[in-house]
Q: 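The structure that follows is given in the form of C-alpha cells.
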Amino acid sequence: MKWFILVIMSVATGETDNGDRDTYLFVNPTFDTYNECVSYVMNTDNVPFISHKIIMNYGFRSIENIICVDQNKIKKHILKEQDV
C-alpha cells in the first residue's frame with residue numbers, strides 16, 4: 001500500500017467557512033509506510049519543497065494541516081465523490 005501527503009489549506013480571508021477546504025495531494029513522493037511519510041513531513045529539509053508546491057498551486061495560503069493518507073482512503077473518497 002502506498003502513502004501520500006495531503007495538505008489541507010486554511011479558509012482564505014473573506015471566505016465563508018462551510019467545512020470545505022482546498023487540498024493538495026502530493027503524488028510524488030509516495031511512501032511504503034505511514035512512518036516513512038510522517039518522517040518526510042516532519043523533516044525540516046523538506047519544508048521548501050512542500051511550500052513551493054503549495055505556493056505554485058494556491059499562492060500564499062495558510063496551511064491548516066498536513067497528513068499522511070493511504071491509497072485506499074483516497075480511492076474510497078474519489079469513488080464516493082463520483083456518486084454525487
Side-chain angles (χ1 to χ4, degrees):
M1 172 174 12
K2 293 291 183 190
W3 290 83
F4 300 87
I5 299 169
L6 178 66
V7 178
I8 304 167
M9 306 310 147
S10 296
V11 175
T13 304
E15 286 183 352
T16 302
D17 185 0
N18 62 2
D20 191 21
R21 299 284 194 274
D22 288 331
T23 59
Y24 185 85
L25 180 68
F26 283 80
V27 294
N28 186 21
T30 62
F31 307 92
D32 293 323
T33 68
Y34 173 79
N35 288 337
E36 287 176 7
C37 182
V38 170
S39 292
Y40 183 91
V41 169
M42 298 299 289
N43 184 337
T44 56
D45 291 339
N46 297 320
V47 169
F49 173 75
I50 294 171
S51 299
H52 177 75
K53 287 288 191 178
I54 298 307
I55 291 167
M56 294 302 296
N57 287 279
Y58 287 101
F60 291 95
R61 291 278 302 273
S62 296
I63 294 173
E64 183 175 307
N65 204 354
I66 300 175
I67 59 174
C68 294
V69 294
D70 67 71
Q71 67 189 37
N72 293 334
K73 287 184 182 174
I74 293 168
K75 287 178 184 176
K76 281 182 188 178
H77 179 72
I78 291 170
L79 291 174
K80 181 179 175 183
E81 290 296 316
Q82 289 178 350
D83 287 342
V84 174

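The structure presented is a predicted model; accordingly, all values stated were derived computationally and were not measured.
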Q: Can you tell me how far apart CZ (Arg61) and CD1 (Ile8) are? Round to the nearest 0.5 Å.
A: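 Result: 12.5 Å between the selected atoms.
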Q: Let me know which of Lys75, Lys2, Met1 forms a side chain to side chain contact (heavy atoms under 4.5 Å, CB included) with Asp70.
A: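 Exactly one pass, corresponding to Met1.
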Q: If you count the non-hydrogen atoms of other residues, nucleotides and ligands that lie under 6.0 Å from CZ in Phe49, is the total more than 12?
A: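 More than 12 within 6.0 Å, yes.
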Q: Look up atom CG in Asn57 and atom CG in Asp22, then write down how far apart they are to the nearest 0.5 Å.
A: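 One finds 10.5 Å between CG of Asn57 and CG of Asp22.
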Q: State whether the side chain of Asn46 and the backbone N or O of Tyr40 hold a donor-acceptor pair below 3.5 Å, judged by distance alone.
A: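 Yes, the answer is positive, given that a donor and an acceptor are paired below the 3.5 Å cut-off.
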Q: Out of Val69, Val41, Ile67, Val38, which residue meets the side chain to side chain contact (heavy atoms under 4.5 Å, CB included) rule with Ile5?
A: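 For Ile5, the side chain to side chain contact (heavy atoms under 4.5 Å, CB included) check succeeds only for Val41.
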Q: Can you measure from NZ (Lys73) to CZ (Phe4) and round to the nearest 0.5 angstrom?
A: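 Reported value, rounded in 0.5 Å steps: 13.5 Å.
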Q: Out of curiosity, Asn65 CG to Thr23 OG1, how far, rounded to the nearest 0.5 Å?
A: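 The CG atom of Asn65 sits 12.0 Å away from the OG1 atom of Thr23.
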Q: Honestly curious: do Phe31 and Tyr34 fall in one hydrophobic cluster under the side-chain, below-4.5 Å linking rule?
A: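 In one cluster: yes.
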Q: Leu6 and Met42: same hydrophobic cluster, using ILVMFWY side-chain contacts below 4.5 Å?
A: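 Different hydrophobic clusters.
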Q: Do Ile50 and Ile74 sit in one hydrophobic cluster, given that two such residues count as connected whenever their side-chain heavy atoms are within less than 4.5 Å of each other, even indirectly?
A: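 As far as the 4.5 Å side-chain criterion goes, Ile74 and Ile50 are not connected within one cluster.
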Q: For the residue pair Ile66 and Ile63, what are the closest heavy atoms and their distance?
A: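 The answer is CG1-CG2, 3.8 Å.
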Q: To the closest 0.5 Å, what do you measure between NZ (Lys53) and CZ (Phe26)?
A: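 Spacing of NZ (Lys53) from CZ (Phe26) equals 7.0 Å.
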